[in-house]
Each structure stands twice: as C-alpha cells, then as structure tokens.
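In the text below, chain A, chain B and the rest are named by the order of the sequence lines, each starting its count at 1. Predicted, not measured: the structure shown is a model, and the values here were computed from it.
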Amino acid sequence: MPFEIRNMFNDRIKIKQLLSGTPTGTEVVVMGWVRSFRNNQFIALNDGSTNANIQIVATLGEFDEALLKRVTTGASLKIVGTVVESLGKGQTVEVKAKTLEILGDSDAEKFPLQPKKHSLEFLREKAHLRFRTNTFGSVFRLRHALAFAVHQFYNERGFVYLHTPIITSSDAEGAGEMFKVTTLPLEGAPKNDKGEIDYTQDFFGKGTNLTVSGQLEGELGAMAFSEIYTFGPTFRAENSNTTRHLAEFWMIEPEMAFYDIEDNMNLAEAFIKYLINYALKNNADDIDFLDARLAEEEKQLPTEKRSGLGLREKLELVVNNNFERITYTEAIDILLNSNHYKKKKFQYEVKWGIDLQSEHERYLVEQHFKKPVIVTGYPAAIKAFYMRMNDGCEPGKETVAAMDILAPGIGEIVGGSQREERLDKLEARMKAMHIPLEDMSWYLDTRRFGTVPHAGFGLGFERMIQFVTGMTNIRDVIPFARTPKNCEY
RNA sequence: UCCUCCUUAGCUCAGUUGGUUAGAGCACAUCACUGUUAAUGAUGGGGUCCUCCGUUCAAGUCGGAGAGGGGGAGCCA
C-alpha cells in the first residue's frame with residue numbers, strides 16, 4: 001500500500017500513518033520531537049499522533065558530529081528520508097535519514113523530561129510539557145476522542161447542542177459555592193443604603209457568577225427542541241481537595257422533553273456505553289498502553305489492594321452488561337443486611353433518609369454488585385427542588401424521581417432526575433426551600449406554557465475520562481487543572 | 001475545611017542511637033564502542049537536606065510554627 005502524502009505546506013507525513021504502512025523505499029518528510037537518541041545513530045521521534053515512535057536512522061559518518069550533538073531529548077527535528085524495513089527488532093519500518101534539520105534545540109541539561117519514568121506528581125507541576133509523555137499522550141488523545149463521541153452520540157439522536165451561559169445571575173440550582181464575576185473594585189466598592197455592595201453599579205447591573213450547571217437553561221431549550229444537550233465548562237468554588245473534584249470542569253447535560261425517569265436511565269446507560277465503545281474501537285492503542293501501565297502499577301500494590309481486572313477487561317465488562325438498577329430503599333436494605341454492616345465496618349450510620357456516603361456507594365458498586373449501579377427514588381429531603389415528587393409515597397418518606405449512576409473506582413459519575421413539571425407542586429417545593437419565585441419566573445414559565453414531562457442528567461466529563469483511562473487523580477485528565485490554591489498557566 | 005503521611009542532587013529514593021567530608025541509580029558532561037530499543041563501559045561535575053524558630057557541645061536526624069505535595073473524608077459531577 002503506497003503512503004498517502006498529505007498535501008500540506010511541507011508535505012509532512014504523520015508518524016501514526018507512517019507506522020501503519022509497509023517499507024516501500026518511498027521518500028517522506030517527518031517532523032517531531034526527539035524522545036531518545038541511542039547509539040549516536042537511532043532517533044526515536046514522536047509527533048503526538050500516537051505513542052509509538054518512528055525510528056530515524058542517521059547512518060554513522062553521514063552526518064556532521066556537531067549537528068548530531070544537537071539531537072537531544074525534546075529537540076524538534078525535520079527529517080527527509082526513505083521508508084525502509086528495519087534491521088533491528090523493535091519495529092518493522094524505520095526512516096533512513098537523508099537530511100536532518102534541527103527545528104528547535106532543547107538544552108539537555110535543562111529539559112525536565114528525561115527518557116525515564118517520572119512520577120505523576122512531578123509531571124503535574126510540568127503540565128505544559130507532560131503532553132509529550134506516553135501516559136499523557138494517551139490520556140489527552142482519549143479526552144479528545146470522548147469529546148468527539150459525545151457530540152456524535154447526540155447528533156445521531158437528533159439532539160440540539162445548546163450553548164448555555166457561562167456567566168449567570170441565577171443562583172437557584174444550589175449545586176455549590178460560586179465564583180463571583182464582577183468589574184467592581186475590591187477596595188472601595190460602591191455601597192447601597194444598607195451598607196451592602198451596590199451591584200446595580202456593576203457591569204451587568206446585578207450580582208453575577210460563573211455557572212455551576214447549565215441545567216435550568218437547558219430545560220428551556222428542551223421545551224422547544226424536545227431534546228438538547230450542553231457540553232461546556234462549569235465552576236465550583238468549593239474547597240474540595242480530592243482526586244475527583246476540580247474548581248473548573250466540563251459537564252455534559254442532556255435535557256429531554258417527553259422522557260420519564262426510565263427513559264432517562266436508558267439514555268444515560270446507552271450514552272456511557274457508547275463513549276466506552278467509541279474509545280475501545282478508535283483508541284485501542286491508547287487503551288492498551290494505559291492498560292499495561294496500570295498492570296505495572298498494580299504489581300507494586302499489596303495483593304488485597306489489586307483490582308484483579310485489567311483496564312480493557314473492566315471497560316468490556318461495563319459495555320457488555322446491563323447496569324444494575326435499584327431504588328434508594330433497596331440500597332439501604334442491602335446495606336443493612338450486609339456483613340459489612342453487621343461487623344460495624346461502616347463509619348457512617350445507615351438508615352432510611354441519609355444521603356449515601358462514599359463508603360456506602362463503594363460497597364454497593366465494588367463489593368455487592370461489582371458493576372455500575374443506578375440508584376433511583378432518593379428521599380426528597382436530600383435532593384434539589386426541581387426533581388419530580390413521586391406519587392403515592394408514605395407520609396414522611398416522600399421520594400423524588402432522581403437517579404445517580406455509581407461507577408467502580410470513581411463513585412458518582414451521573415446525577416439526574418425527572419423534573420417536576422407540575423407548576424403547583426414545583427412552586428410549593430420552591431417556597432418550602434426558600435427559593436425566591438420572582439427571580440425564577442423565566443424558569444416557571446416553562447411550566448405555565450405547555451409544560452410536559454421531561455428529564456435530564458449531568459455527566460462529569462473528567463470523571464468519565466478517569467473511568468476510561470484508569471487515571472486515579474482527576475488532575476491528570478484535564479490539561480490544566482484548577483483546584484484550590486492552584487491556577488498555573 | 002478535617003484526618004493522615006510526605007518534603008534530602010535535575011528525577012526516583014537511601015541516610016543507623018543526634019556525631020567527622022550527606023550517598024545510590026537514572027539524567028547531564030567528556031571519552032570509548034557502534035544495529036541500538038530505558039544501549040553499554042569508564043571518568044567527572046552537580047546539595048538552601050522545604051522555610052523559620054527552638055533544644056543541644058553538636059541537628060538531614062529531636063521539638064514547635066508555617067509553606068508545598070500525596071492519600072482519605074465532607075461538598076459534588
């Protein structure tokens with residue numbers, strides 16, 4: 001099969017394409033960054049199209065010694081050469097260099113990435129360079145693939161991609177602490193009669209924040225297009241220091257008219273499986289690399305801490321099996337009847353009405369069912385105002401049509417619900433929760449004019465990437481993590 | 001925010017009961033070798049022992065405070 005030379009300004013061929021072909025003797029132009037230079041002859045060159053490097057052979061004696069001295073780890077090169085069968089064992093094709101041009105030098109003494117294993121913590125501090133490592137190469141190619149798959153999934157189903165605002169004056173969702181957005185000076189901000197900051201003089205004439213969710217605006221779109229989704233950044237000013245929280249993260253929030261809670265669950269399950277399937281099919285190399293990497297890490301762990309399941313195995317298991325679906329009440333029963341509970345191993349109390357703690361969710365997912373679990377019908381008291389009250393509840397045990405999807409290793413990956421479409425019930429709930437109705441009249445209008453049953457959910461994009469890549473720290477699946485006390489770049 | 005562990009060379013780490021000149025592997029430099037795959041061999045340079053305060057004849061080592069990081073918890077996606 002002849003190589004297809006892409007007609008770019010430099011007729012460059014990408015390394016992924018080059019490696020997928022056969023040694024034909026064709027002349028090619030390759031560009032990339034040096035990963036290693038062995039034996040003063042063999043350059044491992046990488047251009048980010050794949051983790052695999054192309055071996056460039058600079059035959060001894062054919063190149064100036066001073067030039068070869070500049071072939072250091074991290075330097076960028078332009079190579080013109082012929083594609084030949086490799087005499088070595090590690091690869092089938094290699095490029096025998098005719099000309100070798102240094103595009104950018106890289107001082108070997110100062111370049112932080114060495115041809116060796118680095119800790120994730122070290123690379124996190126070099127986030128601007130960590131893309132050039134195999135691990136982060138795979139992680140961020142997968143991040144891209146999953147983002148593309150998100151759009152493809154919804155586009156195939158006729159959903160409209162709705163851009164909900166990033167700056168918002170709505171503070172009703174209660175999803176978390178918000179970042180203030182203002183142009184008022186911090187020192188000497190104008191005050192009103194009551195001595196409070198006078199936001200009428202602010203840029204928007206009122207107090208504004210970065211969004212914590214696009215859901216409420218998403219519902220407005222669903223009431224016209226039937227099915228919409230949002231996919232954008234969201235912001236939480238919580239002082240959370242964990243491996244699964246970010247101050248700035250990306251969330252996918254579909255919102256569907258004419259869906260009930262069952263339809264909602266079906267869509268969420270199909271969505272997650274679609275994303276995993278897309279990655280397995282289109283990024284097999286990256287999954288396999290991360291699989292091997294995790295297997296290596298597992299070897300360092302004591303036996304009882306090993307998962308015993310490879311990354312690929314885990315993903316295939318999720319794709320090929322139905323998610324377990326249980327009600328909150330059933331979940332509490334399972335916990336109460338568990339040996340774990342009887343041996344008093346739960347730190348937090350288990351009884352109907354509590355919010356499930358991490359340890360409870362982990363028990364259900366990792367010990368009891370050993371696969372993703374969808375929990376529905378949570379107590380109304382612990383859930384948001386917009387969730388639909390279930391009919392026929394025992395007094396004092398009112399539940400709402402909420403659903404959380406819990407995934408092994410990362411906990412809650414999806415949170416969603418059927419929305420309360422009945423105006424009287426919604427208003428009653430909002431009053432009970434002290435949410436000012438007048439500020440929310442735009443939202444209540446959807447229930448006043450042609451209200452319909454509808455539902456939706458939010459999927460944390462980074463948590464999904466964590467699941468697919470097996471990365472344990474969420475800071476390693478977003479290019480530039482924003483966490484408390486950390487906003488580099 | 002709470003609990004807990006950690007911070008020694010560019011990186012990963014060792015450093016005994018508080019005791020003389022703080023070590024190793026990798027990386028880097030020089031030389032040798034040349035079909036290597038984390039190349040190999042030899043030689044060499046490289047240290048604010050996180051910071052401050054204290055205890056002591058003497059602190060990388062003990063105590064206190066602070067900073068940064070890891071893991072767990074809460075909040076959540």
May I ask you to say what [X] touches in the nucleic acid, namely base, sugar-phosphate or nothing, with a heavy-atom cut-off under 4.0 Å?
X	result
F122(A)	sugar-phosphate
I410(A)	nothing
T243(A)	sugar-phosphate
K89(A)	base
R35(A)	nothing
E94(A)	base
Q357(A)	sugar-phosphate
S36(A)	sugar-phosphate

Taking atom [atom1] in both [N] and [M], what distance in whole Å separates the two?
N	M	atom1	value
G60(B)	A22(B)	P	10 Å
U61(B)	G15(B)	P	14 Å
G70(B)	G47(B)	P	28 Å

Does the base of [N] carry an N or O that pairs as donor and acceptor with the side chain of [X] under 3.5 Å?
X	N	value
Q114(A)	G10(B)	yes
S240(A)	C75(B)	yes
H245(A)	C76(B)	yes
Q91(A)	U36(B)	yes

Nearest-neighbour nucleotide for the N473(A) side chain, A39(B), A73(B), G71(B) considered:
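For the N473(A) side chain, the nearest candidate turns out to be G71(B).
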Please determine, for the side chain of R244(A), which listed nucleotide (C28(B), C75(B), U34(B)) has the closest atom?
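Among the listed nucleotides, the one closest to the side chain of R244(A) is C75(B).
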Quiz item: cation-pi between K273(A) and Y278(A), 6.0 Å / 45°:
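No, K273(A) does not lie over the aromatic ring of Y278(A).
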OP1 or OP2 of U36(B) versus the side-chain N and O atoms of N39(A): is any pair under 4.0 Å?
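No, outside the criterion.
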Give a yes/no on whether any side-chain N or O of S358(A) is located under 4.0 angstrom from OP1 or OP2 of G74(B).
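True: S358(A) side-chain N/O within range (under 4.0 Å) of G74(B) OP1/OP2.
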Look through every strand shown and name the nucleotide pairing with U7(B) as Watson-Crick or G-U wobble, where both distances are under 3.5 Å.
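Partner of U7(B): A67(B).
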Do NZ/NE/NH1/NH2 and the carboxylate oxygens of K383(A) and D404(A) come within less than 4.0 Å?
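Judged by the 4.0 Å cut-off on N to carboxylate O distance, K383(A) and D404(A) do form a salt bridge.
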Flag for R70(A)-T72(A): side-chain donor and acceptor within less than 3.5 Å:
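No, R70(A) and T72(A) have no side-chain donor paired with an acceptor closer than 3.5 Å.
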Would you please say whether a donor-acceptor pair under 3.5 Å links the side chains of T243(A) and N473(A)?
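Looking only at side-chain atoms, N473(A) and T243(A) do not form any donor-acceptor pair under 3.5 Å.
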